[in-house]
Amino acid sequence: MIYNIFFIILLGIAAWCAWRISVADWRRRIIPDVYLFPLLLIGLIIINFFPWPVSMGDAVLAATFGYALALIIGIIFDKVHSTHTPDAIPIGMGDIKLLATGGIWLGSSGLAMALAIACIAGILWGKINHQKYIPLAPFFICGGFLAFIINSFLI
């Protein structure tokens with residue numbers, strides 16, 4: 001009984017942290033570590049101690065891959081993009097840490113699916129609203145929820 005209550009409390013805190021990350025990135029284009037690190041730690045606790053569709057090995061591998069992939073993409077875009085507009089930052093360290101956190105929660109297949117959903121939704125949003133800067137976190141978190149539902153219940 002207390003086991004289930006603790007699980008629900010952890011999921012509630014994780015959902016609140018994800019919401020705050022989305023709002024902060026949408027409004028200020030920054031992902032605060034004060035919400036990101038608890039989300040990462042809660043993901044590790046849930047994967048270790050509760051039934052979760054992602055194994056610990058897959059979660060750590062996906063987190064490492066997500067961090068490395070985002071870092072490489074950020075460095076490449078920074079080198080290419082800085083020659084054209086020096087004031088623009090295409091991807092920040094918060095986005096990189098968010099992808100690592102998504103890897104912990106979703107595993108490798110869920111991370112790939114969430115990233116694809118986030119990129120497609122972000123591009124469509126930017127094209128429809130003619131926005132120059134598109135925050136990654138709200139689209140990635142929505143894509144993560146969709147990827148989790150698809151991986152857990154439909155596959």
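Please read all numbers here as calculations on a predicted model, not as lab measurements.
Taken to the nearest 0.5 Å, the CG atom of Asp95 stands 10.5 Å off from the CD1 atom of Ile30. Here the CG-CG distance, from Leu40 to Leu98, works out to 10.5 Å after rounding to the nearest 0.5 Å.
Legend: side chain to side chain donor-acceptor pair (under 3.5 Å) pairs involving residues 30-47, not counting sequence neighbours, sorted by first then second residue: Asp33-Lys97. Pairs of residues two or more places apart, or lying in two chains, never qualify as salt bridge (Lys or Arg N to Asp or Glu O under 4.0 Å) while including a residue from residues 136-148.
Summarising the geometry of Leu99 relative to Gly66, their closest heavy-atom pair is CB-O, 3.9 Å, with the distance given to 0.1 Å. In this structure, Gly143 and Ile117 approach most closely via the heavy-atom pair CA-CG2, 3.7 Å.
Cluster membership for Val23 and Phe37, using ILVMFWY side-chain heavy atoms within less than 4.5 angstrom, is not shared. Residue Phe65 is grouped with residue Leu36 when hydrophobic side chains (ILVMFWY) are merged at heavy-atom distances under 4.5 angstrom, including chains of intermediate members. Linking Ile, Leu, Val, Met, Phe, Trp and Tyr residues whenever their side-chain heavy atoms come within less than 4.5 Å leaves Trp19 and Val34 in two separate clusters. If you chain together hydrophobic residues whose side chains sit under 4.5 Å apart, Val60 and Phe148 fall into the same group. Under a hydrophobic-cluster definition in which Ile, Leu, Val, Met, Phe, Trp and Tyr are linked whenever side-chain heavy atoms come within less than 4.5 Å, directly or via other members, Leu115 and Phe145 are assigned to the same cluster.
Although no hydrogens or angles enter the test, the distance criterion places a donor-acceptor pair under 3.5 Å between the side chain of Asp25 and the main chain of Leu136.
Counting Ile, Leu, Val, Met, Phe, Trp and Tyr side chains that sit under 4.5 Å apart, directly or through other members, Ile120 shares a hydrophobic cluster with Leu124. In this structure, Trp26 belongs to a hydrophobic cluster whose other members, linked by side-chain heavy atoms under 4.5 Å apart, are Trp125, Ile134, Phe139.
With respect to Leu69, the side-chain contact (heavy atoms from CB on, under 4.5 Å) criterion is satisfied by exactly one of Ile73, Leu71, Ile72: Ile73.
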Name the atoms and distances for all side-chain donor-acceptor pairs under 3.5 Å in residues 2-16, with sequence neighbours left out.
| from | atom 1 | to | atom 2 | distance (Å) |
| --- | --- | --- | --- | --- |
| Tyr3 | OH | Phe49 | O | 2.6 |

Show the atom names and distances, to 0.1 Å, of all donor-acceptor pairs under 3.5 Å that link a side chain in residues 102-114 to residues at least two apart or in another chain.
| from | atom 1 | to | atom 2 | distance (Å) |
| --- | --- | --- | --- | --- |
| Trp105 | NE1 | Leu39 | O | 2.9 |
| Ser108 | OG | Asp58 | OD1 | 2.9 |
| Ser109 | OG | Asn151 | ND2 | 3.4 |

Before you tell me yes or no, could you show the steps for Met56 and Leu44 under side-chain contact (heavy atoms from CB on, under 4.5 Å), namely the whole-Å CA-CA distance, both residues' side-chain angles and the distance that decides it to 0.1 Å? CA-CA 8 Å; Met56 184 56 141; Leu44 288 172; 4.0 Å; yes
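Looking at heavy atoms from C-beta onward, Ile141 lies in side-chain contact with Ile21 at the 4.5 angstrom threshold.
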